[in-house]
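Read through the structure below, which is laid out as structure tokens, and then see the notes.
Naming convention: chains lettered A, B, ... in sequence-line order (proteins, then strands); numbering from 1 in each chain.
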2 protein chains.
Amino acid sequence: MPSSIAAELVAVIVSVDEESPRVLASGAPAALPHGPLEPQHRSLQAGLRAWTREREGVELGFVEQLYTFADVGRSGRKGRTVAISYLGLTRAQGESGWVDVYDLLPWEDARDGVPALASQLGETLVGWAGRDGERLERTEHAFGLGDWAWRPELVLQRYELLWEAGLVAEHGAGSTPSSSTAPATGPAMLHDHRRILATGLARLRSTIQYRPVIFELMPPDFTLGQLQATVEALAGQRVHKQNFRRTVQDQLGLVEPTGETDRSTGGRPAALYRFRSEVHAERRHVGTKFPRPRTR
Amino acid sequence: MPSSIAAELVAVIVSVDEESPRVLASGAPAALPHGPLEPQHRSLQAGLRAWTREREGVELGFVEQLYTFADVGRSGRKGRTVAISYLGLTRAQGESGWVDVYDLLPWEDARDGVPALASQLGETLVGWAGRDGERLERTEHAFGLGDWAWRPELVLQRYELLWEAGLVAEHGAGSTPSSSTAPATGPAMLHDHRRILATGLARLRSTIQYRPVIFELMPPDFTLGQLQATVEALAGQRVHKQNFRRTVQDQLGLVEPTGETDRSTGGRPAALYRFRSEVHAERRHVGTKFPRPRTR
DNA sequence: ACAAAAGTGTTCGTCTTACACCCATGC
DNA sequence: GCATGGGTGTAAGACGAACACTTTTGT
């Protein structure tokens with residue numbers, strides 16, 4: 001007979017502010033929206049949507065299950081708490097409650113090259129790894145050292161290395177990083193919420209490469225420049241402009257021009273596009289592949 | 001405060017018998033290994049390994065969380081049961097308890113072309129979809145109809161369509177498929193275990209394309225022909241021989257010749273290879289991409 | 001000899017990345 | 001005029017798929 005266990009939902013709700021990705025979080029230490037499973041909802045996804053609408057006033061577009069965390073001691077409570085985490089996307093950029101993702105994971109924004117903080121952390125981890133070949137290889141792989149290129153989607157691998165090395169703070173469990181030697185790695189979040197956030201960002205960065213979920217984050221009408229800026233904000237990486245435009249337009253039928261233009265861009269007016277809603281969910285597997293500039 | 005809920009683990013444990021993939025299952029209706037979360041295990045993965053070793057006598061290699069099922073009524077029990085499902089790979093081909101995956105999902109083996117059963121089911125689903133454009137497009141996409149190619153990894157999409165149309169039996173919930181018109185779609189499994197199996201096969205077929213987990217299923221020494229047969233058994237699809245060999249060998253450092261040969265192949269003796277264990281887990285992201293023959 | 005499977009060399013075409021360049025607007 | 005971002009054509013190259021062919025065994 002199954003054991004009785006405390007179970008909760010934790011949500012990584014993401015929107016984009018043209019410049020940077022934002023996540024719903026509140027309190028001190030910051031906490032992702034979370035709460036118990038409500039028995040009245042037939043499916044978890046439906047429950048999450050209702051719950052986010054009622055409690056946060058946010059209507060979700062794309063929703064995807066992330067991971068179920070159940071390690072003993074993951075919450076402060078004694079005994080085991082199972083957390084089923086979800087990723088949700090919304091274009092509602094409602095006023096308050098949003099936190100810049102890169103304030104919480106400050107080494108993850110590589111739009112202007114790999115940030116100095118990431119390089120410092122990589123070096124620190126190389127020292128931590130010492131003679132341990134596996135640790136060293138994981139570090140070089142995750143942080144783009146040696147022969148490896150920086151790969152934006154390895155968010156979780158980077159976070160887990162930092163956590164193992166005691167370089168990131170987690171509220172409650174574990175010790176504070178030794179602030180003398182180590183660089184500042186951003187604020188702790190409640191329990192393991194920062195790990196859950198890292199899981200969500202990793203998944204999102206992977207997903208936008210092969211499914212056009214990016215449109216869930218855009219306003220109804222947008223320019224290709226805005227679309228590119230949104231992709232770059234999430235990916236934490238620049239993409240090749242000309243090829244990005246082509247890729248999007250060649251995904252025949254995914255977007256269509258509205259006929260209007262946006263003159264506020266500071267240069268030539270940009271044509272506005274909209275996502276073609278006739279495109280059904282399954283057709284959308286074609287994805288928003290984006291060409292990365294060959295850095296290195 | 002989190003609600004108290006019944007929680008269990010369900011495992012999709014896979015091995016390959018050169019000819020066909022096998023999964024651990026037992027009983028009537030067949031059930032995947034499952035049981036309550038044991039409070040003594042710190043992490044779920046560790047728990048699953050210990051649990052599989054003790055109860056099934058199987059030592060797992062690769063382990064990965066699949067999905068957490070929590071729909072009301074998914075188990076026979078009243079109220080909600082949360083099932084955290086895992087995929088595990090092993091080379092231990094121990095005697096009993098193994099069931100051929102394609103006995104349970106008989107439309108999924110496309111090694112000799114898309115099976116007649118899959119085509120029949122596709123046609124039946126087209127009828128079921130009727131004027132519903134989204135259903136029709138999902139069906140054509142999942143079953144490789146119209147302009148779409150058959151994609152082996154869409155296991156779950158196919159299963160869910162069949163389930164929605166009432167064409168697969170699930171034990172307890174739902175009705176039996178109307179046996180007069182519909183083709184036979186294999187035996188029911190306990191509760192939603194066949195759906196969980198479909199989730200596992202889908203994940204496995206995706207994973208082998210970009211991570212060399214295939215080696216977890218091979219004996220220590222193997223020929224490239226055996227390796228190819230194993231990939232084909234899982235993928236449910238033939239691959240191009242010459243390019244497969246090259247791809248494997250070009251993944252420099254992934255395999256190395258043992259110097260021995262296997263003369264039992266019926267033709268020219270085949271060189272034996274082994275997986276290079278010096279290759280650490282993180283390096284292994286390079287993957288076992290396999291070239292598919294261009295069918296269509 | 002011939003069947004059968006192992007193994008090698010090379011061509012062809014597509015898709016990714018990059019480069020070069022023109023266009024339309026505000027200041 | 002010139003800075004700024006929008007927008008198009010085309011070439012270099014990597015990679016995937018296919019073809020043609022040789023090698024080594026068992027019967």
Using side-chain heavy atoms (C-beta onward) and a distance below 4.5 Å, is [X] in contact with [Y]?
X: B/V12; Y: B/Y86; result: no
X: B/Q249; Y: B/Y273; result: yes
X: B/T185; Y: B/P106; result: no
X: A/F143; Y: A/L162; result: yes
X: B/V239; Y: B/E232; result: yes

So if I apply the salt bridge (charged side-chain N to carboxylate O under 4.0 Å, His left out) rule between B/E160 and each of B/R138, B/R135, B/R195, which one comes out positive?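 Of the listed residues B/R138, B/R135, B/R195, the salt bridge (charged side-chain N to carboxylate O under 4.0 Å, His left out) partner of B/E160 is B/R195.
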For [X] and [N], give me the distance from atom [atom1] to atom [atom2], rounded to whole Å.
X: B/R245; N: D/dA18; atom1: CZ; atom2: P; result: 17 Å
X: A/Q226; N: D/dG7; atom1: CD; atom2: P; result: 11 Å
X: B/Q242; N: D/dG16; atom1: CD; atom2: C1'; result: 13 Å
X: B/L272; N: C/dG7; atom1: CG; atom2: C1'; result: 15 Å
X: B/D262; N: C/dA4; atom1: CG; atom2: P; result: 18 Å
X: A/Y273; N: D/dG6; atom1: OH; atom2: P; result: 11 Å
X: A/L224; N: D/dG7; atom1: CG; atom2: C1'; result: 9 Å
X: A/N243; N: D/dG6; atom1: CG; atom2: P; result: 15 Å

Could you give me the CA-CA distance, side-chain angles and deciding distance for A/D100 and A/S20, then say whether side chain to side chain donor-acceptor pair (under 3.5 Å) is met? CA-CA 7 Å; A/D100 189 325; A/S20 50; 3.2 Å; yes
More than 12 non-hydrogen atoms from neighbouring residues, nucleotides or ligands closer than 6.0 Å to CD on A/E19, yes or no?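 Result for CD/A/E19: open.
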Can you check each nucleotide of nucleotides 22-27 of chain C against protein heavy atoms at under 4.0 Å and return B for base, S for sugar-phosphate only, - for none, in 5' to 3' order? -BBB--
State whether the distance check finds a donor on one side and an acceptor on the other, under 3.5 Å, for side chain [X] versus base [N].
X: B/H240; N: D/dA18; answer: yes
X: A/K241; N: D/dG6; answer: yes
X: B/R246; N: C/dG9; answer: yes

B/E108 bridged to B/R158 by N-O distance under 4.0 Å: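 Result for this pair is yes, salt bridge flagged.
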To check you understand the geometry: which heavy-atom pair defines the closest contact between A/L136 and A/V126, and what is its length?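 Smallest heavy-atom distance, with atoms named: CD1-CG1, 3.9 Å.
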Based on the rotation axes of five pairs at each end, what angle does the helix from C/dG13-D/dC15 to C/dC27-D/dG1 bend through, to 10°?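 That helix gives 10° between its end axes.
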Of residues 108-115 of chain A, the positions that come close to DNA chain D - non-hydrogen atoms, cut-off under 4.0 Å: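 Result for residues 108-115 of chain A: none.
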Between the side chain of B/Y102 and the main-chain N/O of B/A233, is any donor-acceptor distance below 3.5 Å?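 Yes, the answer is positive, given that a donor and an acceptor are paired below the 3.5 Å cut-off.
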